[in-house]
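Let me begin by handing over the structure; questions about it come next.
Here is how names work: the chains are called A, B, and so on, in the same order as the sequence lines, proteins then strands, and each is numbered from 1. Hydrogens, waters and symmetry mates are skipped; everything else that's a heavy atom, side chains included, is used.
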2 protein chains.
Amino acid sequence: MTKPPGGKTGNGRPRLGMKEIARRAGVAPMTVSRALADPDKVSPQTRARIMEVIEREGFIRNQLASSMRSRRRIVGTMVPPLINSGIAEQVQGMTDACHAAGYQLLLIQGNFDTEAEEQAIRSLLGWQPAGLILQAFVQSPAARQLLSDGDYAVVEISEIRGRDPIDMAVGVSNFDTAYAMTAHLIDKGYRRIGFVSTPAHGNDRLQQRRIGYRQALLDRGHAYPESLEVEVPITPLGGADALAMLVERDSALDVIFCSSDTLAIGAVQECHRRGWAIPKRLAIAGYGDMDLAAQLFPRLTTVRVPRYEMGRRAVEQLLRRLAGEADLPAVVPIGFEIVDRESA
Amino acid sequence: MTKPPGGKTGNGRPRLGMKEIARRAGVAPMTVSRALADPDKVSPQTRARIMEVIEREGFIRNQLASSMRSRRRIVGTMVPPLINSGIAEQVQGMTDACHAAGYQLLLIQGNFDTEAEEQAIRSLLGWQPAGLILQAFVQSPAARQLLSDGDYAVVEISEIRGRDPIDMAVGVSNFDTAYAMTAHLIDKGYRRIGFVSTPAHGNDRLQQRRIGYRQALLDRGHAYPESLEVEVPITPLGGADALAMLVERDSALDVIFCSSDTLAIGAVQECHRRGWAIPKRLAIAGYGDMDLAAQLFPRLTTVRVPRYEMGRRAVEQLLRRLAGEADLPAVVPIGFEIVDRESA
DNA sequence: CTGTTAGCGCTTTCAG
DNA sequence: CTGAAAGCGCTAACAG
C-alpha cells in the first residue's frame, strides 16, 4: 500500500510498467512509448498489438517519470479560500480547461500572508509545472523575484489596471467595475451610498474597488465620508453586521454597495429581519453575480464578473504561451456588466 | 519558458539542481539530499554550509524526481462540481490537512459518468499518488476493480450505510440524516411533507436521503405519495421551481424538505416572492448547513453535516493508512445534527 | 558522518 | 519503422 512504485501489490496483479508491456507485446519499450505518444510513427500492426496488450493488462503510464524526461503536464495554482467567494467557479473553469488539454491541476488554497504565499509558490514550482496560475496573490517582492528570475509561464488572475504582470494577467479592472456600479447607483438617484468591503489590506483587487467607488462619488460631486465605508469578514453575517454599523452611522443611508454578493445577501436578510423594504427603505447592491443573486428576493443588482470564464481564459492564455505563440497580449481584460435588478 | 527542467532560463540565473548546490557547498549531492530530508544525519557545520548555499542560490527540489525514487507526496482527489454543493468546504479541509502533512492535492472535478470517472481515476493514478480521496463516485464496477486490484490506499467520502468500501470510507449515513430530519418535522406537527432532491440517478447519497425520508414517514404511519417528491437541478432556481411544482400538486402542503441548502434557499426566496409567511404558510427545511443558512431570513432549519471536517478526516485517515497504522477502522462515521431554526 | 554506485520509469537521441 | 544506449534529478543501499 505504501510501497513505492512498481513491484507486486497486495492481492491483485502486479502493476505493469512500460517495459513489461513491451515484453508482452514483443517489442522494445521505446516502441510502446512511441505508440502512445505518436502513434503515426509506429506501424499499424505493431501499434495494434501494443494497444491490445495495454487494453488487456491495464497499463497506466507513470506521469512522474514521463514528465521528468519530456513535456510537463501540471498546472500549478494558488487560490484564496474557496468558500464564499465565487472562486469555486474559477477553479471549475481551470480544471475543465486543463483536463481538456491533458494537464492536471495542482491546487494550493488558503489565506496567505506574504511568507506563506512564497512558500506555496515554492511547493508548486517543485512539481515542475508547465505554468502557474496565481490568484491569491499578495505580491511579495520576493515572490515576484522568484517567479521572474525563474522565467516561468505565469498567469495572474488579478486586477489589471496599472499593474505590470510578472508574465501575463487575466482579469477585470476592479476600479472600473466599482466605479461603474457606483455611477449606476448615483444615476438611479441614490445619494448616500455606503460601501462594504472585506479586509482590503494587501489585496489589490479590493483596494481598487474602493478607489473606484470613491472616484465615482468624486466625479459626480459627492463627498465620500469614510464613515460610510466598513470592512467585515466575507460571510453573510459580515454583510448583516456592516448594515447595522452603517445605518447607525448614517440613518439616512440610501443604498449599500457590497463588494461581494455574499455580503450583499447577508445585508438583504438583515433588511428582511428588520422589516425594511428593499429598495425603498434601503437598497442593496452586490458584486460577483453568483447563482443566488438572480434568485434572491428581491433579485440582486450586482456586478457580473464571469468567474468561470476567467478561469478558463487563464488556462487558455497559459497554453498559448506554452505553445510558443507569438505576440501574446500580456494582459487579457475580461468584460464585466452591471446587472440591474430590483434590490437597488 | 517552455523548456524542460534544468539548464539556463531566459533572463535569470540558471535554476540550480542538487548537484550544483552540492558542488558549491563542497559536498556530495547525497549529503545535500540528507541535509534536507534528515538534517540530524549531517554534521551541524556541513548542514549550515549547505543551507547557506541553498538560501543564497534559491534551490527548489524537483519533486518529480524525488517522488520517483522515494516517498510519494501527492494525494489525488476526484470531486463533484464545486459550485453550489458545499464541496468547496470539503476541498478546503483536504488541502489544509494535506499541506500540513507535506502532501499536495491533485484535483479532478466534474460531472462524471461511469466512463469519465474511470478515466479520471486513471489520470490520478498516473501521478503515483500516495492515496486517493474519492467523492464524486458513481461506482462503476470497472473503477472499483481498478482500485482494488491495484491495492491503493483509497478513502471514499460517501454514504456509509450498508456499503462495502473499496478500502476506507468517511461520511455520514444519508439515510439517517434524512430520516432524522423527516422525523423531526413530523414531531413538530407537520403532516404533508414534500421532498426535493437533485437528480439521484446513480448517486447513492441522494438515494439514501430519499429512502430515509420515506422510511420516517412510514414508521410514523404517514403515506408518502410519490407526487410529493421532485427532482430538480442543484441551484436556487431549482428550489424555487420545486416549490412551484409541489404546491401545485398539493395545495395543502405543510413543509418542504430540500436535500440541499441551496435548494432550500431558493425555495425560501420563492416564498418571499409569493408573500407567503415562513413557516406559517409553508415551512422549509434544508440540508448541509452552509454559511448562509444561519443568516437567512428566516433562519434555516437544516441538517448540519460538517463538510470541512469530513475533508480533513478523509486525509487524516489516509495518512494513518500510509503510516501503516494497524486496526484502522474501515468506516469512519461523521456526526450530524438537526439544526432547528425558524424556517420549519 | 560522508561518499559512491546504481537505478526509479520513462523518453531523447542516435543508430540500424 | 524499430531498437539500444544514455540520462532526467533525485535518493536507497551500501561502503568507508
Selection from C/dC10, C/dT12, C/dT2 that lies nearest to any side-chain heavy atom of A/A65: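 Shortest atom-to-atom distance from the side chain points to C/dC10.
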Sugar-phosphate only, base, or nothing, as touched by A/A28 at under 4.0 Å among non-hydrogen atoms: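 Sugar-phosphate, backbone atoms only, no base.
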Cationic N near anionic O, under 4.0 Å, A/E89 to A/R307: no
Given D/dT11, D/dT2, C/dC1, the nucleotide with the shortest approach to the side chain of A/S43: D/dT2
Rounded distance in Å - CG (B/D38) to P (D/dC10): 18 Å
Candidates D/dT2, D/dG9, D/dT11 - which lies nearest the side chain of A/V42: D/dT2
NZ or CZ of A/R122 within 45° of B/F59 ring axis and under 6.0 Å: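 No, cation not above the ring by the 6.0 Å, 45° rule.
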Residue B/T46, side-chain atoms from C-beta onward, closest of C/dT2, D/dG9, C/dC10: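 Nearest to the side chain of B/T46 among the choices is C/dT2.
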Position toward the 5' end of DNA chain D (nearest nucleotide), A/R47 or B/S33: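 Closest to the 5' end, via its nearest nucleotide, is A/R47.
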Distance, rounded to the nearest Å, where A/K19 contributes NZ and C/dC8 contributes P: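 That distance rounds to 6 Å.
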Gap between atoms CG and P, on B/L64 and C/dT11 respectively (whole Å): 12 Å
Donor-acceptor pair between A/S66 and A/R73 side chains, under 3.5 angstrom: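 A donor-acceptor contact under 3.5 Å links the two side chains.
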Within 45° cone and under 6.0 Å: B/R313 NZ/CZ vs B/Y308 ring: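 No; the conditions do not both hold, so B/R313 does not lie above the ring face of B/Y308.
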Residue-phosphate contact under 4.0 Å: A/T31 side-chain N/O, D/dG3 OP1/OP2: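 Checking A/T31 against D/dG3: at least one side-chain N or O falls below 4.0 Å of OP1 or OP2.
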Nearest-nucleotide 5' precedence on DNA chain D, A/R34 against B/S66: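 Whichever sits nearer the 5' end wins; that is A/R34.
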Protein-nucleotide distance (B/F59, atom CZ; D/dT11, atom P), rounded to Å: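 Whole-Å distance recorded here is 7 Å.
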Touch class at under 4.0 angstrom, heavy-atom based, for A/R61 against every strand present: sugar-phosphate
Quiz item: A/R69 side-chain donor-acceptor pair to D/dG9 base, under 3.5 Å: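 Check fails, no donor-acceptor contact within cut-off.
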Interatomic distance, B/M18 CE vs C/dG3 P [rounded to whole Å]: 14 Å
Length of the line joining B/Q45:CD and C/dT2:C1', which is rounded to integer Å: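 Result: 13 Å.
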Interatomic distance where CD1 belongs to B/I50 and C1' belongs to C/dC1 [whole Å]: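 Those two atoms, CD1 and C1', are 11 Å apart.
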A/R23 with A/E20: basic N within carboxylate O range, under 4.0 Å: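 Yes, this pair counts.
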Whole angstrom value for the distance that separates P of D/dC10 from CD of B/E20: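 For the pair B/E20 CD and D/dC10 P, the rounded distance is 11 Å.
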